[in-house]
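Before any comments, here is the structure.
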Amino acid sequence: DHAGIATQMVTEREMALAQEPTRTAMGREKFMARVWQQKQQSRGTIISQLKRLGASCDWSREAFTMSGAPGAPAGEDGNFHDAVIKVFVDLYTKGLIYRGKRLVNWDPHFETAISDLEVENLETPGHMWHFKYRLAGGETYDYVERDADGAATFREVRDYISIATTRPETMLGDGAVAVHPSDTRYAPIVGKMVHLPLCDRLIPIITDEYPDPSFGSGAVKITGAHDFNDYAVAKRNSIPCYRLMDTRAAMRSDGAPYHQAVLRAREIAAGSVTTEAEVDSLNLVPEKYRGLDRFEARKQVVADITSQGLAVTVLVKSLDADTGSEHLTLEPVVEAKKIMQPFGDRSKVVIEPMLTDQWFVDTAKIVEPALDAVRTGRTRIIPASGEKTYYHWLENIEPWCISRQLWWGHQIPVWYGLALEATDFTDDEGDNALDEVEILRILGDGGYIDREATFHCAADANSVADHFRDDLASLPHPLNAARIIEVDDRATAVEVLAASLANYAVTQDPTHLIYPVWRDPDVLDTWFSSGLWPIGTLGWPEQTPELKKYFPTSVLITGADILFFWVARMMMMQLAVVGEVPFHTVYLHGLVRDEKGEKMSKTRGNVIDPLEIIDELGADPLRFTLAQLAVVGGSPKLSTDKIKGNRNFGTKLWNAHRFAEMNGVFDLAPVEGVPAATQTVNRWIIGEVGRVREEVDTAIAAYRFNDAANALYAFVWGKVCDWYVEFAKPLLMDGDDAAKGETRAVMRWVLDQCLILLHPFMPFITEDLWGATATRGKLLAHAGWPAYGAELVDPAAETEMRWAISLIDGVRSVRAQMNVPAGLYVPVLQLEADAAARGAWARNEVLIRRLARIDSLTEATEVPKGAITVPTAGATFALPLASIIDVGAEKARVAKAIEKLGKELGGLRGRLNNANFVASAPAEVVAEARANLALREEEEAQLKAALARLAEIG
RNA sequence: GGGUGGUUAGCUCAGUUGGUAGAGCGUCUCGCUUACACCGAGAAUGUCGGGGGUUCGAGUCCCUCACCACCCACCA
């Protein structure tokens with residue numbers, strides 16, 4: 001998307017570095033061109049990052065939220081802009097978008113409104129001051145505090161009410177002091193007026209449910225224009241909201257001098273009729289604070305109130321450093337206190353609640369279908385906890401402020417006309433008597449026009465022109481003779497209108513009348529357009545073939561942090577605009593964190609460039625690692641060690657292919673379909689391929705990408721490389737032609753399956769090997785995904801190979817622990833072998849001997865003293881190592897093994913002897929326990945016999 | 001204040017309907033065996049945060065406590 005604030009910010013920063021003219025000096029049109037230039041740069045970066053990561057997108061369908069906007073350069077000619085404007089007009093027409101003067105989060109750095117979601121509340125150290133507001137006319141009252149039983153605990157005569165604040169500078173705009181209706185302490189003075197310190201104004205004491213009697217003094221100053229709570233109180237009680245700050249959050253310096261403004265404020269307080277526009281125009285900041293930054297103003301206000309003796313004070317004992325004597329002094333009460341402060345997520349400056357005209361989406365009216373879609377499962381969110389979060393937010397949704405005072409974005413399709421009215425030209429007697437005095441009355445002393453502009457919302461300029469022509473024509477003569485002229489903004493409109501009126505007053509010539517019209521200079525919140533992504537990218541509102549084919553879409557994969565910003569809004573907007581859910585599944589992944597575990601962000605500059613990791617270690621290991629870390633509901637912490645491990649995995653895969661190549665495997669043409677095999681080893685590995693394919697598919701279907709990646713890792717490394725390649729060596733080197741040919745074919749097929757299954761995770765190395773090992777009809781990326789599964793498993797082959805592996809493992813373990821030199825081939829005795837074990841040995845003798853380093857196998861009926869036993873299912877093997885073993889160490893080893901087995905046996909027997917278990921556990925669980933017990937008992941017997949033999953030696 | 005998630009081997013974390021705990025890395029021992037030292041073979045390591053409950057059986061379900069993380073929030 002066009003990332004309004006961020007992109008405008010980055011562009012302006014670059015412009016400053018390059019010493020280009022500033023945005024305002026440049027003007028809107030040129031600046032937009034400059035941002036487009038910036039955008040195309042970062043577009044290149046993003047696309048190349050995606051390509052180097054191996055993203056297999058349909059690049060021909062690249063889309064951009066600002067495509068087709070006026071002034072868009074060549075190549076940016078989609079129609080996303082049209083879609084956005086159409087949706088705005090439609091929603092406005094349906095009454096789902098409205099304009100109003102509301103308290104919004106204002107970012108004083110970017111000088112724009114932002115939405116609730118773009119505010120970060122952070123705990124910061126702050127202070128709380130306590131001030132006295134004196135009762136008007138020197139009145140006093142009995143201030144009485146009572147305990148729970150109503151007994152007075154404190155009593156004094158006061159001429160003031162005490163209020164607490166963390167933002168002293170806002171007291172200049174106070175409109176009232178509020179107390180809780182049940183608060184008996186202040187009951188005597190409710191309805192009375194108090195002096196607002198530093199200001200020549202009186203404000204009333206009112207009651208409202210909002211103040212908490214148990215917090216602070218129980219009395220709250222009400223500054224409707226700079227606090228969300230106060231705003232609500234002010235609205236409920238018709239208290240005027242006086243705006244104190246300008247767009248940079250400095251104390252206002254506009255408008256009439258303070259003494260004039262305050263006069264008018266007093267009239268209003270006394271009940272004089274006023275308008276929202278007039279109240280907003282009144283600058284009630286006393287001269288000495290005008291133009292000060294809000295934090296500087298705070299210091300001044302505190303100092304001035306304190307010096308007037310209106311700070312609540314406390315006696316403080318202090319030591320005079322020179323004389324060493326103690327003093328008692330009155331010090332203002334200033335509590336150090338942690339406060340939650342709102343910061344702009346982009347600008348990082350303190351957000352100021354500001355009373356401004358903005359556009360809002362009436363989210364309450366479009367939220368239900370979005371909630372319903374998830375509740376009924378038409379759209380599913382993974383992980384499920386995401387659904388709870390989704391409900392929680394949507395069920396408590398606030399109106400969405402969608403206007404931004406920026407230039408980079410979709411300009412709001414609304415035009416204003418500052419209408420002339422008949423009353424502008426008549427005096428109280430109805431005569432046509434406009435004079436200079438009248439003009440001043442109309443304009444007001446502050447230079448505003450005491451009237452709202454009319455506005456018109458439309459997608460196309462012709463309709464706008466028609467609307468204002470009609471509007472003008474409806475005015476009485478001579479007003480309808482006015483010329484419509486386009487101006488930049490309301491301020492210019494007021495200027496030209498004033499000049500026009502003045503001219504007319506002098507000349508009475510209707511041709512001097514002017515009807516200024518201007519477009520809303522604001523742009524839409526980026527998320528308003530991103531929210532239309534599902535349809536906007538498919539050509540809507542045109543009924544394109546793409547729209548028919550791809551909408552509703554299937555799965556949205558996105559970061560969990562963006563659930564409200566984007567997902568919830570796409571849900572609401574698609575349902576409101578086209579009446580369908582935009583996707584059936586939302587897969588939320590965690591955020592990749594940096595080495596400190598912190599969120600990476602464009603503006604914070606702690607982003608680890610994927611290109612650097614790719615340069616160093618490769619895209620495949622990065623992708624594979626991310627897949628391994630993609631636990632549902634988890635948040636991956638990327639570490640170089642993990643990526644290195646997976647680079648090694650890639651190398652391993654490559655080496656396996658090298659081995660195959662050296663053994664003529666790739667001299668064969670690729671094998672179509674599952675190859676036939678007679679060799680046990682080959683039959684076994686074919687079954688394992690079937691198993692892993694099923695495992696991978698199951699995992700992917702469940703969005704468990706970590707399971708899929710880990711299954712492939714374990715299969716390729718742990719099965720193919722560790723065992724199959726080793727098993728195949730004797731066949732490839734010493735086997736007869738038939739065995740050799742079959743093994744080559746099977747290995748060829750197995751390796752191809754590895755490439756196919758790994759390709760989504762490691763596209764580069766697999767595609768490379770795919771092309772290098774054969775002349776293929778198509779790219780691996782286009783190869784079909786296999787459909788075989790566990791039906792490829794040959795149970796007999798599987799049992800036999802598992803037996804062989806356990807025997808090899810056993811012999812290796814004994815050798816390593818007995819410190820038998822690795823290269824030394826040793827004799828092995830076989831005893832107590834049943835027919836199955838004998839057969840298995842016979843069929844796999846070559847590979848077992850090779851991998852376990854056995855030089856001879858002798859049948860024996862008795863185990864010689866000092867021989868070490870290796871128990872397997874159906875047979876016991878023994879290594880006669882008397883001369884080289886450490887008997888003590890071996891006894892310890894066997895004893896330990898028996899002990900470990902003992903624990904397991906204890907558990908199994910305990911369960912099986914428990915009648916309740918046998919009765920209530922499922923039959924297959926009981927059977928499994930019985931089989932397991934039998935196996936373990938056999939093993940235990942073998943080990944005990946071995947221990948006994950060792951005991952004979954000493 | 002509300003919500004969500006977490007607490008499992010030295011570290012980073014898996015553990016899907018309750019059946020008795022795994023991976024990678026690290027550590028230790030051995031090893032150039034003709035794919036691979038970015039390797040191979042072997043080994044050690046867990047009262048699954050504490051307590052209680054349900055159950056024949058709990059890392060897994062319920063309650064509770066402690067700590068951590070994240071999200072949301074208007075206590076002046």
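Keep in mind the model is a prediction, meaning the values are calculated, not measured. To find a chain, count down the sequence lines: A is the first, B the second, and so on, and within it residues start at 1.
- Between the CD1 atom of A:Ile163 and the P atom of B:A76 there is a distance of 13 Å, given to the nearest Å.
- Taking the side chain of A:Asn914 as heavy atoms from C-beta on, and the options B:G42, B:A35, B:C56, the nearest nucleotide is B:C56.
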side-chain hydrogen bond (donor to acceptor under 3.5 Å, both in side chains) between A:Asn121 and A:Gln341: does it pass, once the steps are laid out? CA-CA 5 Å; A:Asn121 290 298; A:Gln341 251 190 315; over 6 Å; no
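- A donor atom on one side chain and an acceptor atom on the other are not found under 3.5 Å apart for A:His127 and A:Glu335.
- Taking side-chain N and O atoms only, A:Lys337 has a distance below 4.0 Å to OP1 or OP2 of B:A76.
- Between the P atoms of B:G22 and B:U34, the separation comes to 34 Å (whole Å).
- Two residues, A:Phe565 and A:Ile808, neighbour RNA chain B, and the one matched to the more 5' nucleotide by heavy-atom proximity is A:Ile808.
- In this structure, A:Gly218 reaches the bases: a heavy-atom distance under 4.0 Å links it to at least one base atom across the strands shown.
- Summarising the geometry, the separation between CG on A:Leu394 and P on B:C71 is reported as 18 Å, rounded to the nearest angstrom.
- Between B:A58 and B:U8, the distance separating the two C1' atoms is 14 Å to the nearest Å.
- Between the side chains of A:Glu118 and A:Asn105, no donor-acceptor pair of N or O atoms lies under 3.5 Å.
- Heavy-atom distances to RNA chain B give each of A:Val918 and A:Asp722 a nearest nucleotide, and the one nearer the 5′ end belongs to A:Asp722.
- Aromatic rings from A:Tyr587 and A:Phe705 are positioned such that their centres are separated by under 6.0 Å.
- In summary, A:Glu169 and A:Arg167 engage in a salt bridge, as defined by a charged side-chain N under 4.0 Å from a carboxylate O.
- Of the candidates B:A35, B:U4, B:A76, B:A76 carries the atom nearest the A:Val220 side chain, counting heavy atoms from C-beta on.
- Nearest nucleotide to the A:Asn819 side chain, out of B:A35, B:U29, B:G42: B:U29.
- As rounded to the nearest Å, B:A9 and B:U55 have C1' atoms that lie 29 Å from one another.
- The CH2-C1' distance, from A:Trp654 to B:C39, rounds to 14 Å in whole Å.
- Salt-bridge formation is not detected for the pair A:Asp855/A:Arg849: no Lys NZ or Arg NE/NH1/NH2 atom is positioned less than 4.0 Å from an Asp or Glu carboxylate oxygen.
- Across all strands shown, A:Glu924 has no heavy atoms under 4.0 Å from either base or sugar-phosphate atoms.
- Distances were taken from every side-chain heavy atom of A:Phe564 (C-beta onward) to each of B:C36, B:C71, B:U29; the shortest belongs to B:C71.
- Within the 4.0 Å cut-off from OP1 or OP2 of B:C13, at least one side-chain nitrogen or oxygen of A:Lys637 is found.
- Across B:A21 and B:G46, the matching P atoms stand 12 Å from one another, rounded to whole Å.
- The aromatic ring centroids of A:Tyr160 and A:Tyr133 lie 6.0 Å or more from each other.
- Residue A:Ile222 contributes atom CD1, which lies 11 Å from atom C1' of B:C74 at whole-angstrom precision.
- Taking the six-membered ring for Trp and thresholds of 30 and 60 degrees, A:Trp717 and A:Phe649 have nearly parallel ring planes, at less than 30 degrees apart.
- Side chains of A:Lys644 and A:Ser639: a donor-acceptor N/O pair is absent below 3.5 angstrom, by distance only.
- Taking the C1' atom of each, B:C13 and B:C48 are spaced 13 Å apart, rounded to whole Å.
- For the strand RNA chain B, secondary-structure stems (runs of at least three Watson-Crick or G-U pairs, all distances below 3.5 Å) span B:1-7 with B:66-72, B:10-13 with B:22-25, B:27-31 with B:39-43, B:49-53 with B:61-65.
- Side-chain atoms of A:Lys642 and A:Thr640 include no donor-acceptor pair closer than 3.5 Å.
- Note: NZ (A:Lys235) to P (B:C74) measures 19 Å, nearest angstrom.
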How does protein reach along nucleotides 19-25 of chain B, written 5' to 3' as B (base within reach of a heavy atom under 4.0 Å), S (only sugar-phosphate), or - (no contact)? BB-----
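- A:Thr165 comes within contact range of the sugar-phosphate backbone alone, with a heavy-atom separation under 4.0 Å but no base atom that close.
- Counting non-hydrogen atoms under 4.0 angstrom, A:Pro211 reaches a base of the nucleic acid.
- Annotation: B:G18 and B:C11 have their C1' atoms spaced 30 Å apart (nearest Å).
- Across all strands, A:Arg704 comes closer than 4.0 Å to base atoms (heavy-atom distances).
- At the heavy-atom level, A:Arg167 lies nowhere under 4.0 Å from the strands shown.
- Using a cutoff of 4.0 Å between basic side-chain nitrogens and carboxylate oxygens, A:Arg909 and A:Glu937 are scored as salt-bridged.
- Within the nucleic acid shown, A:Arg812 comes within 4.0 Å of sugar-phosphate atoms alone, with no base atom in reach, counting heavy atoms only.
- At a non-hydrogen distance threshold of 4.0 Å, A:Asn229 from residues 226-233 of chain A come into contact with RNA chain B.
- As judged by a 4.0 angstrom heavy-atom cut-off over every strand, A:Asn663 is placed among residues making no nucleic acid contact.
- Going from atom CD of A:Glu123 over to atom P of B:A73 covers 16 Å, rounded to whole Å.
- Between the C1' atoms of B:U17 and B:G57, the separation comes to 16 Å (whole Å).
- Side-chain contact check for A:Glu695 and A:Thr698: no donor-acceptor pair (N or O, by modelled atom type) lies under 3.5 Å.
- When all heavy atoms of A:Ala709 and A:Gln628 are compared, the pair lying nearest together is CB-CG, 3.8 Å.
- For the P atoms, the distance from B:G24 to B:A14 is 16 Å, rounded to whole Å.
- Of the candidates B:C36, B:A73, B:A76, B:C36 carries the atom nearest the A:Lys652 side chain, counting heavy atoms from C-beta on.
- The shortest distance between the side-chain N/O atoms of A:Lys388 and the OP1/OP2 oxygens of B:C71 is not below 4.0 Å.
- Computed from coordinates, the A:Asn396 CG to B:G2 P distance equals 14 Å when rounded to whole Å.
- Checked against B:G3, B:G42, B:A35, the side chain of A:Gln817 finds its nearest nucleotide in B:G42.
- Stacking of A:Arg911 on the aromatic ring of A:Phe917 is recorded, both the 6.0 Å distance cut-off and the 45° axial limit being met.
- For A:Arg691 and A:Glu694, the salt-bridge test fails: no basic side-chain N is under 4.0 Å from an acidic carboxylate O.
- Neither OP1 nor OP2 of B:A41 sits under 4.0 Å from any side-chain N or O of A:Ser813.
- Going from atom NZ of A:Lys644 over to atom C1' of B:G26 covers 14 Å, rounded to whole Å.
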